[in-house]
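Reckoned from all heavy atoms, side chains included, excluding hydrogens, waters and symmetry mates.
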Amino acid sequence: MFTPLLPSVTCGTVEARSIVEPIRNIVRKNGGAFRFWEAECYKIDPASKKIHCRSGDGTNVDGNGEFAVDYDYLVVTVGARPNTFNTPGVVENCHFLKEVEDAQKIRKSVMKCFEKAALPNLTEEERKKNVHFVVIGGGPTGVEFAAELHDFVNEDLAKLYPDVKKYVNISVIEAGDHILTMFDKRITHFAEDKFKREGIDLKTNFKVVKVSDKTITMSNPATGEIAVPYGLAVWSTGIGTRPIIMDFMKQVGQANRRVLATDEWLRVHGCEDVYALGDCATITQRKVMEDVDAIFRVADKDNSGTLTVKKIKDVLGDIYVRYPQVELYLKTNQMKGFHDLLKDKESEELNIEELKKALAQVDSQVKLLPATAQVAAQEGAYLADCFNRMNICEESPEGPLRIRGAGRHRFKPFRYRHLGQFAPLGGEQTAAQLPGDWIHVGHSTQWLWYSVYASKQFSWRTRMLVVSDWGRRFIFGRDSSSL
């Protein structure tokens with residue numbers, strides 16, 4: 001499933017079948033190079049190197065569909081589930097937007113809300129309630145869904161339900177001060193101003209405390225608790241841990257964590273031959289200062305306490321390979337003075353302790369990688385490449401020197417390269433934040449969004465389907481059928 005286009009499925013802009021590729025098709029295209037079983041893994045046993053699975057078909061001898069699979073290497077990529085923060089009533093009354101089925105349910109519910117509001121003998125308050133759409137969460141998914149829904153209502157449903165359109169209200173509830181906080185402030189302010197101009201009710205600093213089948217109760221320090229009637233609510237407030245991962249983390253000594261901890265090679269801490277990537281795991285970068293003394297001790301063989309600029313550059317090259325976050329941080333404006341030092345003549349000497357002070361600042365600035373499809377895709381490509389070249393790298397390791405052992409690591413550590421991010425804001429306008437502090441919002445960026453997302457599809461089949469869906473929408477409008 002191509003996750004970034006899920007909000008488009010909720011409003012008929014893109015069909016659900018256009019953004020999914022059957023795994024059996026991928027097996028066939030790879031000449032049967034791997035096998036696929038549709039089943040649920042309910043337990044991982046790293047001690048015996050087995051995973052225990054369950055098929056819903058119940059076709060084994062016992063009739064319960066359970067079977068075990070032995071492994072040499074295990075890659076855990078089960079993703080995450082919506083995080084409800086244990087808010088009462090969320091699971092029972094809210095829609096989520098994580099799977100294709102979720103998007104299809106939202107689409108049916110939107111149409112059902114309009115049909116209810118169009119019935120005769122309803123009071124004005126009942127009509128308003130039926131077409132009050134609430135989005136909880138001001139992140140990219142929630143904002144994009146609100147923008148898609150606003151366009152769907154004003155460009156398509158207003159023509160089909162002219163008497164209902166005036167009662168429609170779309171609200172976005174965010175617990176923080178602003179929406180889209182992971183974007184540049186310029187994009188955040190533009191999105192907030194655009195939503196206000198278009199009549200989308202933006203409620204910041206409001207925390208949802210309870211959801212019933214008729215009202216959403218939220219609290220604000222200034223107003224206290226208030227209950228708002230609604231017709232449809234979409235919960236999009238972040239990700240939580242799946243039960244199988246919680247159980248696995250207890251087995252490997254990570255019980256107090258939110259996601260699996262891996263090293264820079266995506267290996268799960270606490271067990272052998274298990275890798276994890278995507279939303280179910282995060283790379284826990286080692287503290288730079290844990291290894292800096294050992295690195296400099298090797299470089300400063302005569303214990304002089306100083307190194308030439310040329311030698312420091314060589315040392316930094318080794319550190320950059322081990323710790324990608326160091327290079328990223330040292331090249332920011334905060335450390336511009338540090339790089340100015342290295343512009344001196346390569347024969348000049350610098351004090352090692354001064355260099356250590358600069359590196360010490362990095363540990364406090366390291367941030368976890370975001371839980372996005374872009375990160376997961378790069379991790380998957382990296383790990384596949386490592387497995388494909390495992391035999392070659394066993395004989396000729398290409399990774400950095402081992403500090404606490406002999407020789408080199410087999411592979412270079414994973415290095416995330418941020419390629420930018422988009423935030424569709426409706427009205428054929430998209431905000432883009434690309435590397436190099438390139439910020440742009442407007443219609444031209446929307447066409448960039450179209451081209452990038454079309455190129456990122458899994459196959460030419462899905463690519464053609466998505467592009468044809470966009471073309472159909474331009475000519476005939478969005479599909480309003482409840483299928």
Side-chain angles (χ1 to χ4, degrees), residues 3-4 6-7 10 82-85 87 90 94 96-98 132-151 169-209 211 216-226 228 230 233-240 258 279 332-334 365 367-375 418 420-442 445-446 449:
T3 310
L6 268 183
T10 62
N83 192 351
T84 64
F85 300 98
T87 306
V90 171
C94 290
F96 301 110
L97 193 49
K98 287 285 291 179
H132 182 200
F133 303 100
V134 180
V135 182
I136 301 101
T141 302
V143 168
E144 184 174 350
F145 169 68
E148 280 276 359
L149 182 60
H150 178 270
D151 287 352
N169 183 25
I170 301 173
S171 299
V172 177
I173 303 174
E174 168 58 37
D177 296 331
H178 299 280
I179 61 173
L180 297 178
T181 53
M182 66 292 301
F183 283 82
D184 186 274
K185 290 181 179 179
R186 290 169 286 182
I187 292 178
T188 297
H189 294 320
F190 180 90
E192 291 175 346
D193 291 342
K194 187 176 188 297
F195 274 18
K196 291 174 183 176
R197 287 195 308 269
E198 295 181 343
I200 297 177
D201 186 15
L202 189 59
K203 296 182 181 295
T204 56
N205 291 311
F206 275 89
K207 179 183 177 182
V208 174
V209 295
V211 181
I216 293 176
T217 304
M218 63 188 91
S219 65
N220 177 277
T223 63
E225 287 193 4
I226 57 173
V228 179
Y230 71 97
V234 175
W235 187 273
S236 177
T237 61
I239 57 175
R258 185 177 60 84
D279 291 357
T332 60
N333 291 329
Q334 300 102 305
Q365 299 294 325
K367 297 180 180 179
L368 298 179
L369 295 178
T372 62
Q374 185 177 162
V375 173
H418 186 60
Q421 52 190 348
F422 293 99
L425 302 176
E428 290 298 304
Q429 288 186 304
T430 291
Q433 182 174 336
L434 302 180
D437 196 34
W438 191 89
I439 305 292
H440 193 270
V441 181
T445 317
Q446 177 72 27
W449 179 85

So which heavy atom on [X] is nearest to which on [Y], and how close?
| X | Y | value |
| --- | --- | --- |
| T445 | T430 | CB-O, 3.3 Å |
| N220 | N205 | ND2-O, 2.8 Å |
| A146 | V172 | CB-CG2, 3.8 Å |
| F183 | F422 | CZ-O, 3.5 Å |
| P424 | A147 | O-CB, 4.0 Å |
| K194 | Q429 | CE-OE1, 2.9 Å |

What's the spacing between [X] [atom1] and [Y] [atom2] if we round to 0.5 Å?
| X | Y | atom1 | atom2 | answer |
| --- | --- | --- | --- | --- |
| I187 | H440 | CD1 | NE2 | 11.0 Å |
| K98 | L6 | NZ | CG | 9.0 Å |
| D193 | E198 | CG | CD | 11.5 Å |
| I439 | R186 | CD1 | CZ | 5.0 Å |
| K207 | T217 | NZ | OG1 | 13.0 Å |
| H418 | T372 | NE2 | OG1 | 8.0 Å |

Within the structure provided, determine whether [X] and [Y] are in side-chain contact (heavy-atom separation under 4.5 Å).
| X | Y | value |
| --- | --- | --- |
| F195 | I170 | no |
| M218 | I226 | yes |
| I136 | I216 | yes |
| P140 | M182 | yes |
| E144 | L180 | no |
| S236 | F145 | no |
| D201 | N169 | yes |

Is the backbone of [Y] close enough, under 3.5 Å, to the side chain of [X] for a donor and an acceptor to pair up by distance?
| X | Y | value |
| --- | --- | --- |
| Q374 | G420 | yes |
| W235 | G137 | no |
| T141 | P7 | no |
| E148 | T10 | no |

- [ ] Carefully, step by step, assess V143 and L425 under the rule side chain to side chain contact (heavy atoms under 4.5 Å, CB included).
- [x] CA-CA 7 Å; V143 168; L425 302 176; 4.0 Å; yes
Task: side chain to side chain contact (heavy atoms under 4.5 Å, CB included) between V228 and I173, intermediate numbers included - done: CA-CA 11 Å; V228 179; I173 303 174; over 6 Å; no
TODO: Begin from the C-alpha positions of V90 and F85 and carry the test side chain to side chain contact (heavy atoms under 4.5 Å, CB included) through to its verdict.
DONE: CA-CA 9 Å; V90 171; F85 300 98; over 6 Å; no
TODO: Give the intermediate values and the outcome of side chain to side chain contact (heavy atoms under 4.5 Å, CB included) for residues V211 and Y230.
DONE: CA-CA 10 Å; V211 181; Y230 71 97; 3.7 Å; yes
Open item on the list: Looking only at side-chain N and O atoms, does T204 offer a donor or acceptor that is under 3.5 Å from a partner on H178?
Closed with: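 No - no donor-acceptor pair under 3.5 Å links their side chains.
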